[in-house]
Amino acid sequence: MHVPDSVFSLENMSFRFPDDEENTLAGISFTVHRGERVVLSGPSGSGKSTLLYLLNRLYPANCDGIVTGDILLFNIPAAQYAPGEINHRIATVFQDPDSQFCMPTVEEELAFTLENLHTPAADMDERIMHILELTGLSHLRNTSIQTLSGGMKQRVATACALIMEPEVLLLDEPISHLDPLTAQEFIEWLDRLQQKFGLTIIAVEHRLDSWGNFFEREISLGYNGQISADQSFNRHRATRYPARLNSSLEQQALAVEDLSVKIKEKTLLHPLTFTAQRGECVVIAGPNGSGKSTLVKAICGIHKKAGGKISSEACGYVPQSPEFLFLTASVREELAFSKISDEDELEAVMKALRLNEIAEHNPFAVSHGQKRRIAIGAMLADKRKGLFLDEPTSGQDEAALLELFRLVDERLDQGDTVFIVTHDMEFAAAVADSVVLLKDGQLTGKYAAKEIWENPRLLTEHHLLPPKGVLQNAESPT
């Protein structure tokens with residue numbers, strides 16, 4: 001299995017967690033060569049992130065997992081590397097960059113990375129200056145990381161990986177929390193860096209249509225944890241949603257008047273006013289850091305309002321980090337901890353969201369995409385008249401997106417009101433009746449959805465890109 005320029009070689013590799021009876025990954029075989037750009041795709045829960053963590057040696061030692069078959073890293077069996085030995089050659093940027101940061105400023109975070117590599121103190125300043133110049137982040141050297149936007153945090157996390165001078169960069173859904181324009185800029189930035197450093201890049205990704213021609217190869221995993229395809233990357237893809245009719249009623253469900261939010265004397269949301277009707281789907285959109293999640297949390301009573309009035313029906317909220325909602329030890333119990341009294345109805349929700357296959361799993365121990373579906377299922381089961389979903393499409397495969405669309409549409413037909421914070425413009429275009437646009441904590445306005453997609457100025461100002469379907473219609477001959 002020795003291949004001179006191979007970075008990773010896996011032969012009939014299987015993996016399972018110590019408490020599981022079945023393998024998470026089964027019979028995996030592939031080779032990745034130096035300089036390749038590879039995307040790992042497949043359904044939520046198929047083992048993509050697990051595979052990534054096997055490639056950087058985070059697994060099996062950190063979870064006591066059981067590996068069979070062969071994993072070679074740079075033509076050496078993975079088990080022969082001492083803990084941490086491989087991590088300066090194989091750097092990883094996780095899905096949530098905040099989870100990687102330990103220090104307050106960009107410079108201190110980079111210095112902390114170098115300290116872990118035992119870099120001589122005399123060499124640190126030059127290394128830090130060099131990587132900041134290469135990544136175009138010199139102006140952020142003394143900036144507090146927590147004041148940065150999501151896109152800039154992702155760049156800083158990548159710079160921290162690159163300062164180790166790795167040969168391989170592993171990325172776990174790097175654009176999942178970025179607005180469309182920021183995601184596009186990040187991909188273009190990463191393209192330049194890959195060419196400059198000659199990196200091998202492997203990324204776990206669901207938003208494949210956003211990457212253009214970046215990837216050369218796609219390795220797809222199936223529900224059974226096996227490779228279902230290993231082929232050239234096809235960038236021409238987008239989820240096709242069925243049409244839905246506006247189901248809003250002439251009955252007000254929500255009224256927000258002069259709502260403002262301050263936290264520690266910092267204004268996060270300036271006074272804003274809008275209303276929503278029963279049966280209306282309202283998408284809340286705007287750049288990273290514009291106040292979208294703050295608005296939703298204030299309406300749901302999670303953030304204390306500094307001023308204004310909110311009049312709404314009982315609401316259910318699914319946050320970006322869904323595990324904050326979990327109360328029980330199994331997925332089935334989590335959904336049953338609701339207002340559903342009918343077993344058949346509970347099973348229908350479980351089946352629709354593909355949760356029956358993990359019904360007895362601990363909700364904290366499943367994939368990120370599955371956690372989101374559990375939280376959404378719990379809120380659907382709770383039958384609140386107002387439903388607030390914060391980035392519900394993140395980490396979801398096409399089948400899950402279509403089912404989420406169907407469930408939202410069903411709730412709208414019942415006269416419920418659904419609010420969705422999302423950067424997924426294809427999903428927004430499919431489901432939205434109206435769009436609330438925010439920027440810098442201020443309300444730009446509430447618009448009919450179609451009006452947004454046909455207004456290039458509004459899209460650009462709010463870091464949005466037109467949905468693929470709208471682009472295709474605009475480009476087609478009349």
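Side-chain atoms are counted along with the backbone in the values below, which use heavy atoms only and exclude waters and symmetry mates.
For E173, there are no side-chain hydrogen bond (donor to acceptor under 3.5 Å, both in side chains) partners, not counting sequence neighbours. S220 pairs by the side-chain hydrogen bond (donor to acceptor under 3.5 Å, both in side chains) definition with S41, E218, not counting sequence neighbours. Residues meeting the side-chain hydrogen bond (donor to acceptor under 3.5 Å, both in side chains) test with R332, sequence neighbours left out: E347, E360. Shown here are the ring-ring contact (aromatic ring centres under 6.0 Å, His included) partners of F8, two or more places apart in sequence or in another chain: there are none. Every residue meeting the side-chain hydrogen bond (donor to acceptor under 3.5 Å, both in side chains) condition with D172, not counting sequence neighbours, appears here in chain and number order: S49, Y53.
There is a side-chain donor-acceptor pair under 3.5 Å between D390 and S293.
In this structure, CG in L437 is found 10.5 Å from CD1 in I284, a value given to the nearest 0.5 Å. Taken from CZ in F427 to OG1 in T393, the straight-line distance is 7.0 Å, to the nearest 0.5 Å.
Here F15 and F17 bring their ring centres to under 6.0 angstrom of each other.
Residues S210 and I175 have side chains in contact (heavy-atom distance under 4.5 Å, counting atoms from C-beta outward).
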**OP:** Please step through salt bridge (Lys or Arg N to Asp or Glu O under 4.0 Å) for the pair D397 and R372, ending with a clear verdict.
**Re:** CA-CA 12 Å; D397 57 79; R372 285 188 182 277; over 6 Å; no
**OP:** Carefully, step by step, assess L404 and I376 under the rule side chain to side chain contact (heavy atoms under 4.5 Å, CB included).
**Re:** CA-CA 9 Å; L404 176 62; I376 290 168; 4.0 Å; yes
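A salt bridge links R127 to E165: at least one charged side-chain nitrogen sits closer than 4.0 Å to a carboxylate oxygen.
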For residues 189-202, run the donor-acceptor check on the side chains, cut-off 3.5 Å, and write out each pair with its distance to 0.1 Å, sequence neighbours left out.
from : atom 1 : to   : atom 2 : distance (Å)
W189 : NE1    : T135 : O      : 2.8
D191 : OD1    : R37  : NH1    : 2.7
D191 : OD1    : R37  : NH2    : 2.7
D191 : OD1    : Q195 : NE2    : 3.3
D191 : OD2    : Q195 : NE2    : 3.1
Q194 : OE1    : R37  : NE     : 3.1
Q194 : OE1    : R37  : NH2    : 2.6
Q194 : NE2    : G35  : O      : 3.4
Q194 : NE2    : L199 : O      : 2.7
T200 : OG1    : G35  : N      : 2.8

